[in-house]
Novice: 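Here it is, the structure, as structure tokens.
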Amino acid sequence: MLRRIELEPGQELTEELLDRKGGISAEIACGAADIVDDVRARGDVALGEYTSQFDGATLEDTRVSADEIANAYEQVDDSVIEALRYAAKRIEAFHSHKVPESWTVVDDDEVELGQKITPIDRVGVYVPGGTAPYPSSVLMNVMPAKVAGVDSIAMATPPTSDGTITPAILVAADIAGVDEIYKMGGAHAIGALAYGTETIAAVDKIVGPGNAYVAAAKKHVDGDVGIDMIAGPSEVLIIADESADPRLIAIDLMAQAEHDMRAATYLVTTDPTILEKVEENLKDHLKRTSRADITQASLRDNSVCVVCDSIADAIVVADRIAPEHLEVMTRDADAVAEAISNAGAIFVGAWTPESAGDYVAGPNHVLPTQGTARFSSALSTDDFLKKTSILRYTRKGLERDRDAIKNLAGTEGLWAHREAVTMRFDS
């Protein structure tokens, strides 16, 4: 079921060997751009047409009402509501540890330099629909924004064909403190959030994962508004040695594969015999899941087992793949986790399933995919803050720096830059 790659000692895992899938095709990129531009040009009319075309819903009002939110609470089990409240508190607590503050320093010549931290004014949160509802995604995207102090948060999520939203998503949005909820999905929702319509105010930044059309639309509007990242298919990589439990490896691979047929799963191991045991357990687990078709398709098309000569080689392979989620199931798991440089989130030891991170642990589950963990990080309060440099010179301070400024301005041929300093002392 998993494609097997055996690496010789020191052999590099190339992109050709890995054969990673999930990029945005030119067709999807062009299609998403056309939809976004149409919504920008025609506003609510275009938005309604696309909602009817793609979601099968004809809506009189795109915005979710207070009555609909109240009704959602009646449809969601109390245990789920309590779980959402518990998760929200955990996520809020984690992100509260990471809020940067404004700062200034003053040097000996009374030059004051610093950084002013202010929240983004208005943020749009996209919450996917598709094959499963994701109320957890609401919390993960909204709570860091609330902690950062964002004043206005608008959420978009696709409606069902009868024009409703999954009740658990509405409850999660209410618990998290979303200000406006709109029944819209896909590239047209991104266009509406980015540029506004007659009834929807434009936002300053859009966050949240979605399908390929959503990702392409976010890429298209990037620059006119901010975005968090271009999210690809979800992925997990498990580093395992002979001490790992094949039953747990199998279920954790499935926990990722069941998200989406495009989800990617990787097993990197020093035990050449473990793959057969894992596949036996996969067959057993698949008999009991309600998402067997999706899971099997994902495992068949996007799963790789890399057999390495040593744990050191396994770490090199893991860093080369730079996965969204990385689980460590080895002896001395702490040391292995410490050695990893490239991963969105690391789950250390057999008692730390990726499921905990998806829901209630606290760290964000909106993570870099497709190898982008080499240079990017999980969604956090930083994504909802602006950092503005502050400078205040005194006469003494500018006198100290005068010659250096003039010399550099002269070298660059910028006369007014030089004179802007000189004139202050002439007067």
Novice: Do other residues, nucleotides or ligands put more than 12 heavy atoms under 6.0 Å from Y359 OH?
Specialist: no
Novice: Does V127 form a side-chain contact (heavy atoms from CB on, under 4.5 Å) with M155? I'd like the steps, not just the answer.
Specialist: CA-CA 7 Å; V127 177; M155 189 183 93; 3.8 Å; yes
Novice: Kindly say whether D204 contributes a backbone atom to a donor-acceptor pair with the side chain of R122 at under 3.5 angstrom?
Specialist: no
Novice: Does any part of the side chain of L282, heavy atoms only, come nearer than 4.5 Å to the side chain of Q296, both counted from C-beta?
Specialist: no
Novice: Under the 3.5 angstrom rule, does the side chain of R90 hit a backbone N or O of V360 as a donor-acceptor pair?
Specialist: yes
Novice: Ignoring hydrogens and geometry, is there a side-chain-to-backbone donor-acceptor pair from R320 to G371 under 3.5 Å?
Specialist: no
Novice: Give the intermediate values and the outcome of side-chain hydrogen bond (donor to acceptor under 3.5 Å, both in side chains) for residues N141 and Y126.
Specialist: CA-CA 8 Å; N141 282 278; Y126 186 87; over 6 Å; no
Novice: Might you confirm whether atom CG of D108 has over 12 heavy atoms from other residues, nucleotides or ligands at distances under 6.0 Å?
Specialist: no
Novice: Restricting to side chain to side chain contact (heavy atoms under 4.5 Å, CB included), what partner residues turn up for S161, sequence neighbours left out?
Specialist: none
Novice: Under the criterion salt bridge (charged side-chain N to carboxylate O under 4.0 Å, His left out), I'd like the reasoning laid out for E82 against R85: C-alpha separation, chi angles, the key distance, then a yes or no.
Specialist: CA-CA 5 Å; E82 287 308 307; R85 286 176 175 152; 3.0 Å; yes
Novice: Does E15 CD have over 12 foreign heavy atoms under 6.0 Å away?
Specialist: yes
Novice: So that I can tick it off, tell me whether K205 and D228 are bridged by a salt bridge, with the cut-off set at under 4.0 angstrom between side-chain N and carboxylate O.
Specialist: no
Novice: Looking only at side-chain N and O atoms, does Y393 offer a donor or acceptor that is under 3.5 Å from a partner on D109?
Specialist: no
Novice: Any side-chain heavy atom of H325 within less than 4.5 Å of one from L237?
Specialist: no
Novice: Judged by modelled atom types alone, do S234 and E324 share a side-chain donor-acceptor pair under 3.5 Å?
Specialist: yes
Novice: Does D245 pair with R247 as a salt bridge, N-O distance under 4.0 Å?
Specialist: yes
Novice: Quiz question: by atom type and distance under 3.5 Å, do the side chains of H259 and Y134 form a donor-acceptor pair?
Specialist: yes
Novice: If you apply the rule side-chain contact (heavy atoms from CB on, under 4.5 Å), what do you find for L379 with H365, and how did you get there?
Specialist: CA-CA 8 Å; L379 190 74; H365 78 200; over 6 Å; no
Novice: Walk me through it: do T269 and D271 pass the test side-chain hydrogen bond (donor to acceptor under 3.5 Å, both in side chains)?
Specialist: CA-CA 5 Å; T269 183; D271 181 1; 5.5 Å; no
Novice: Would you find a donor on one side and an acceptor on the other, under 3.5 Å apart, between the side chain of R331 and the backbone of A244?
Specialist: no
Novice: Go through the steps for K146 and I153 under the test side-chain contact (heavy atoms from CB on, under 4.5 Å), then give the verdict.
Specialist: CA-CA 9 Å; K146 298 296 287 188; I153 300 175; 3.4 Å; yes
Novice: Would you say the side-chain atoms of Y182 and E180 include a donor-acceptor pair closer than 3.5 Å?
Specialist: yes
Novice: Under 3.5 Å, is there a donor-acceptor pair linking the side chains of E68 and S65?
Specialist: yes
Novice: Taking the basic N atoms (NZ, or NE/NH1/NH2) and the acidic carboxylate oxygens, is any pair closer than 4.0 Å for K283 and E280?
Specialist: no
Novice: Hey, is CD on E338 packed in by over 12 heavy atoms from elsewhere, all under 6.0 Å?
Specialist: no
Novice: Is there a side-chain contact between L267 and I274, using heavy atoms and a 4.5 Å cut-off?
Specialist: yes
Novice: If you compare all heavy atoms of M140 against all heavy atoms of N364, which two are closest, and at what distance to 0.1 Å?
Specialist: O-ND2, 2.7 Å
Novice: What closest approach, in Å, do D383 and A378 show between heavy atoms, and which atom pair accounts for it?
Specialist: OD2-O, 3.9 Å
Novice: State, with a plain yes or no, whether a side-chain heavy atom of E235 is found less than 4.5 Å away from one of L367.
Specialist: no
Novice: Answer yes if the ring centres of F384 and H95 are under 6.0 angstrom apart, and no otherwise.
Specialist: no
Novice: Begin with the C-alpha distance, continue with both residues' side-chain angles, and end with the deciding distance and a verdict on side-chain contact (heavy atoms from CB on, under 4.5 Å) for M254 and S298.
Specialist: CA-CA 9 Å; M254 280 183 61; S298 172; over 6 Å; no
Novice: Might you point out which heavy atoms bring T265 and A257 nearest each other, and give the distance in Å?
Specialist: CG2-N, 4.1 Å
Novice: Can any side-chain N or O of S102 pair as donor or acceptor with the backbone N or O of I117 at less than 3.5 Å?
Specialist: yes
Novice: Could you tell me whether the side chain of N342 and the main chain of D319 form a donor-acceptor pair under 3.5 Å?
Specialist: yes
Novice: If I compare all heavy atoms of V39 with all of H188, which pair ends up nearest, and what's the gap?
Specialist: CG2-CB, 3.8 Å
Novice: When you look at CD of E242, are more than 12 heavy atoms from neighbouring residues, nucleotides or ligands closer to it than 6.0 Å?
Specialist: yes
Novice: Could you note down all residue pairs passing side chain to side chain donor-acceptor pair (under 3.5 Å) where residues 29-45 supplies at least one of them, sequence neighbours left out?
Specialist: D37-H220, D38-R42, D38-Y50, R42-E49, D44-T197, D44-T199
Novice: For atom NZ of K387, decide whether the heavy atoms of other residues, nucleotides or ligands shown that lie under 6.0 angstrom number more than 12.
Specialist: yes
Novice: Taking T295 for its side chain and R291 for its backbone only, find out whether a donor-acceptor pair lies under 3.5 Å.
Specialist: yes
Novice: In chain order, what residues pass the side chain to side chain contact (heavy atoms under 4.5 Å, CB included) check against A297, with sequence neighbours excluded?
Specialist: M261, R300
Novice: Return the minimal non-hydrogen interatomic distance between A314 and C308, and the atom names on each side.
Specialist: CA-SG, 3.8 Å
Novice: Mark yes when over 12 heavy atoms from residues, nucleotides or ligands other than E27 sit less than 6.0 Å from its CD; otherwise mark no.
Specialist: no
Novice: Can you check whether E258 reaches T289 side chain to side chain, under 4.5 Å on heavy atoms?
Specialist: yes
Novice: Under 4.5 Å between any side-chain heavy atoms of V328 and F347, yes or no?
Specialist: no
Novice: May I ask you to decide whether R4 forms a salt bridge with E6, counting only side-chain N to carboxylate O separations under 4.0 Å?
Specialist: yes
Novice: Spell out, as yes or no, whether a donor-acceptor pair under 3.5 Å connects the side chain of R288 to the backbone of H285.
Specialist: no
Novice: Under 4.5 Å between any side-chain heavy atoms of I239 and M329, yes or no?
Specialist: no
Novice: Spell out, as yes or no, whether a donor-acceptor pair under 3.5 Å connects the side chain of T369 to the backbone of G232.
Specialist: yes
Novice: Any side-chain donor paired with an acceptor under 3.5 Å for T160 and D162?
Specialist: yes
Novice: Closest heavy-atom contact between P159 and I165?
Specialist: CA-CD1, 3.7 Å
Novice: Could you tell me whether a side-chain N or O of S52 sits under 3.5 Å from a main-chain N or O of G48, the two making a donor and an acceptor?
Specialist: no
Novice: If you define the side chain from C-beta out and look only at heavy atoms, does anything of L13 sit under 4.5 Å from L7?
Specialist: yes
